[in-house]
Amino acid sequence: MWKLFAAVSLALSLINPTFAVAQEAPASQKSLPEQIVDAFNGVFGIHPGARSNHAKGVILEGTFTPAASAASVSKAAHFQKQKTPVPVTVRFSDATGIPTIPDNDPGAGPRGISLKFTLPDGSKTDIVGHSFNGFPVATAEEFKDFLLAIGASGPEAPHPTAIEKFLSSHPAAMAYVTAPKPAPVSYGTLAYFGVNTFKFTNAGGTVTFGRYQILPAAGQKFLAKEQVSKMGPDYLVDEIGERVGRGPVKFRLFLQVAGPKDKIDDPSITWPASRKKIELGTIAITKGTEESHTADKLLFLPGAVVAGIEAADPMIGIRSAAYPISFARRFKSANDEK
């Protein structure tokens, strides 16, 4: 029966035995965000200067132009008509906390996208998503348990392993790890989805609950299986730089609106594709940057919102608290290496 769980074999093979042990301080003395970062480090190890997850990535820059329908959703500044487009910083990434993971590795998906909008008054707001429409668990506590189960299920662990037990009792997690995640032609030919639900309020006080979808203007395009092994370890990083050099890489930002009975605090439940979608605007990526592919000093927070947008899922707060912990650790570990 354990063979049914082959989809997580790559994650298990990446476990570093040095780190896949209990942390020195009792978990009961740590906050849930700290425990989640510990759990990531337990699976993938600590790599100086690198994030605990989505460690390998590439930074680009571009602009955001709001759609006419955006203001009907939210009074947020970047959704109002602009004299000039809003600057946006974009980070594409591979999954796992391994900063050297090859782009063509089966474990490199789902891919990630992070957006940082710089508003006219100098304030910033972020969107963080990934290339899978859904999430393995409903709560941050369950996500910690999911990671701990992976960390306890190394190659020498007896069957059924902790992750096998977890997946057998969490069907959404089973669906997440077994779903196909084909290698894309480009970071620019993938659709990305916000994990959590936000509450949007327009100037008239009308409230809308929804999740972000970031859809490629070029459409989704994937490599054939026989092509994947022929690609270089950094093919996505190289390709997106070349693609931007030929012209803007565009995405359309949408809000998928929650239906009356949709759960807004459970990201493991994917809403039906038939739900209404409202276009919020267009992201045009126009140039690369000199930032390192791994050790950039940017921090993208799922909960970094502005007036007109609020978190509607408690997980957002936990995620936003975990990111700065990972951020602090990656630069402490880098300094410790010097």
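- In this structure, Ser326 contributes its side chain and Arg51 its backbone to no donor-acceptor pair below 3.5 Å.
- Transitive grouping of hydrophobic side chains (ILVMFWY, heavy atoms separated by less than 4.5 Å) keeps Leu215 and Leu60 in distinct clusters.
- Applying the salt bridge (charged side-chain N to carboxylate O under 4.0 Å, His left out) definition to pairs two or more places apart or across chains, those involving residues 277-289 are Glu61-Lys287, Arg252-Glu279.
- Of all the heavy atoms in Gly188 and Ile240, the pair that sits closest is N-CD1, 3.9 Å.
- Two residues are said to be in side-chain contact when any heavy atoms from C-beta on lie closer than 4.5 Å; Arg91 and Ile113 fail this criterion.
- Between the side chains of Arg211 and Thr197, at least one donor N or O lies within less than 3.5 Å of an accepting N or O.
- Side-chain contact between His54 and Asp94: absent, with no pair of heavy atoms (C-beta onward) separated by less than 4.5 Å.
- Nearest approach of Asn41 to Ser52, heavy atoms of both residues: ND2-CB, 3.7 Å.
- By the 4.5 Å heavy-atom criterion applied to side chains, Glu142 and Ser268 are not counted as neighbours.
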Next on the checklist: If you apply the rule side-chain contact (heavy atoms from CB on, under 4.5 Å), what do you find for Tyr176 with Leu167, and how did you get there?
Outcome noted: CA-CA 10 Å; Tyr176 178 87; Leu167 294 178; over 6 Å; no
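- Using a distance-only test at 3.5 Å, with no hydrogens or angles considered, no donor-acceptor pair links the side chain of Glu239 to the main chain of Leu236.
- Side-chain polar atoms of Gln220 and Thr189 form no donor-acceptor pair below 3.5 angstrom.
- From Gln80, atom CD reaches atom NZ of Lys75 across 10.0 Å, with rounding to the nearest 0.5 Å.
- Using bins of under 30°, 30° to 60° and over 60° for the plane-to-plane angle, the ring pair Phe64/Phe117 lands in the perpendicular bin.
- At a threshold of 4.5 Å between non-hydrogen side-chain atoms, the residues Ile127 and Ile214 count as touching.
- Between Asp313 and Lys263 there is no salt bridge, since none of the side-chain N atoms of the basic residue sits less than 4.0 Å from a carboxylate O of the acidic one.
- At a threshold of 4.5 Å between non-hydrogen side-chain atoms, the residues Ile316 and Glu310 do not count as touching.
- Note: the hydrophobic cluster containing Ile283 also contains Val306 (ILVMFWY, side chain heavy atoms under 4.5 Å, direct or indirect links).
- The aromatic rings of Tyr212 and Phe198 sit tilted, their planes meeting at an angle between 30° and 60°.
- When all heavy atoms of Asn104 and Pro233 are compared, the pair lying nearest together is OD1-CA, 4.3 Å.
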Checklist entry - Where do Val73 and Leu280 land on the side-chain contact (heavy atoms from CB on, under 4.5 Å) test, with the steps shown first? => result CA-CA 8 Å; Val73 173; Leu280 300 178; 4.1 Å; yes
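- For the atom pair CD (Gln213) and CD1 (Ile278), the distance works out to 12.0 Å, reported to the nearest 0.5 Å.
- In this structure a side-chain-to-backbone donor-acceptor pair under 3.5 Å is missing from Thr201 to Ser74.
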Next on the checklist: Under the criterion ring pair (Phe, Tyr, Trp, His ring centres under 6.0 Å), I'd like the reasoning laid out for Phe135 against Phe146: C-alpha separation, chi angles, the key distance, then a yes or no.
Outcome noted: CA-CA 11 Å; Phe135 200 65; Phe146 174 61; 8.2 Å; no
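- The aromatic rings of Phe92 and Tyr187 lie parallel to each other, with less than 30° between the two planes, well short of the 60° mark.
- With hydrogens and angles disregarded, a donor-acceptor distance shorter than 3.5 Å links the side chain of Thr270 to the backbone of Asn133.
- Listed for the Thr289 side chain is a donor-acceptor partner under 3.5 Å among the backbone atoms of Ile59.
- When every heavy atom of Asn202 is checked against every heavy atom of Ala71, the shortest pair comes out as CB-O, 3.6 Å.
- A distance of 11.5 Å separates CG of Asp262 from CG of Asp265, quoted to the nearest 0.5 Å.
- One distance of note links CD of Glu34 with CD1 of Ile36; it measures 11.0 Å at 0.5 Å rounding.
- Side chains of Thr178 and Met174 form a contact here, defined as non-hydrogen atoms less than 4.5 Å apart.
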Checklist entry - For Lys144 and Leu148, what are the C-alpha separation, side-chain angles and deciding distance, and is it a side-chain contact (heavy atoms from CB on, under 4.5 Å)? => result CA-CA 6 Å; Lys144 178 203 70 177; Leu148 290 175; 4.0 Å; yes
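- Annotation: the span from Ser320 atom OG to Met315 atom CE amounts to 12.0 Å, rounded to 0.5 Å.
- Between the side chain of His78 and the backbone N or O of Gln82, no donor-acceptor pair lies under 3.5 Å.
- Placement of Phe193 and Val88 in two distinct hydrophobic clusters is found when ILVMFWY residues are connected by side-chain heavy-atom separations under 4.5 Å, directly or transitively.
- Val58 is connected to Met231 through a chain of hydrophobic side-chain contacts under 4.5 Å among Ile, Leu, Val, Met, Phe, Trp and Tyr, so both are in one cluster.
- Cluster membership for Ile309 and Phe209, using ILVMFWY side-chain heavy atoms within less than 4.5 angstrom, is not shared.
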Item to check | Pair Tyr235-Leu223, side-chain contact (heavy atoms from CB on, under 4.5 Å): steps then yes or no | outcome: CA-CA 12 Å; Tyr235 87 91; Leu223 296 175; 3.5 Å; yes
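- With contacts defined as side-chain heavy-atom distances shorter than 4.5 Å, the pair Ile318/Phe143 does not qualify.
- Closest approach of Ala322 and Val37 over heavy atoms only: O-CG2, 3.5 Å.
- Counting only N and O atoms by type, the side chains of Lys250 and Thr282 include no donor and acceptor under 3.5 Å apart.
- With rounding to the nearest 0.5 Å, the separation of CZ in Phe79 from CG in Leu255 is 8.0 Å.
- Annotation: cation-pi geometry satisfied between Lys181 and Phe132 (NZ/CZ under 6.0 angstrom from ring centroid, within 45° of ring axis).
- When Asp105, Thr100, Asp103 are each tested for a side chain to side chain contact (heavy atoms under 4.5 Å, CB included) with Lys56, only one passes: Asp103.
- A side-chain donor-acceptor contact under 3.5 Å links Asn196 and Arg319.
- Minimum interatomic distance between Ile285 and Phe251 (heavy atoms only, all atoms of both residues): CD1-CE1, 3.9 Å.
- A donor-acceptor pair is defined here as one N or O able to donate and one able to accept, closer than 3.5 Å; no such pair exists between the side chain of Ser123 and the backbone of Leu119.
- Proximity of Pro324 to Leu301: side-chain heavy atoms (C-beta onward) are separated by under 4.5 Å at one or more points.
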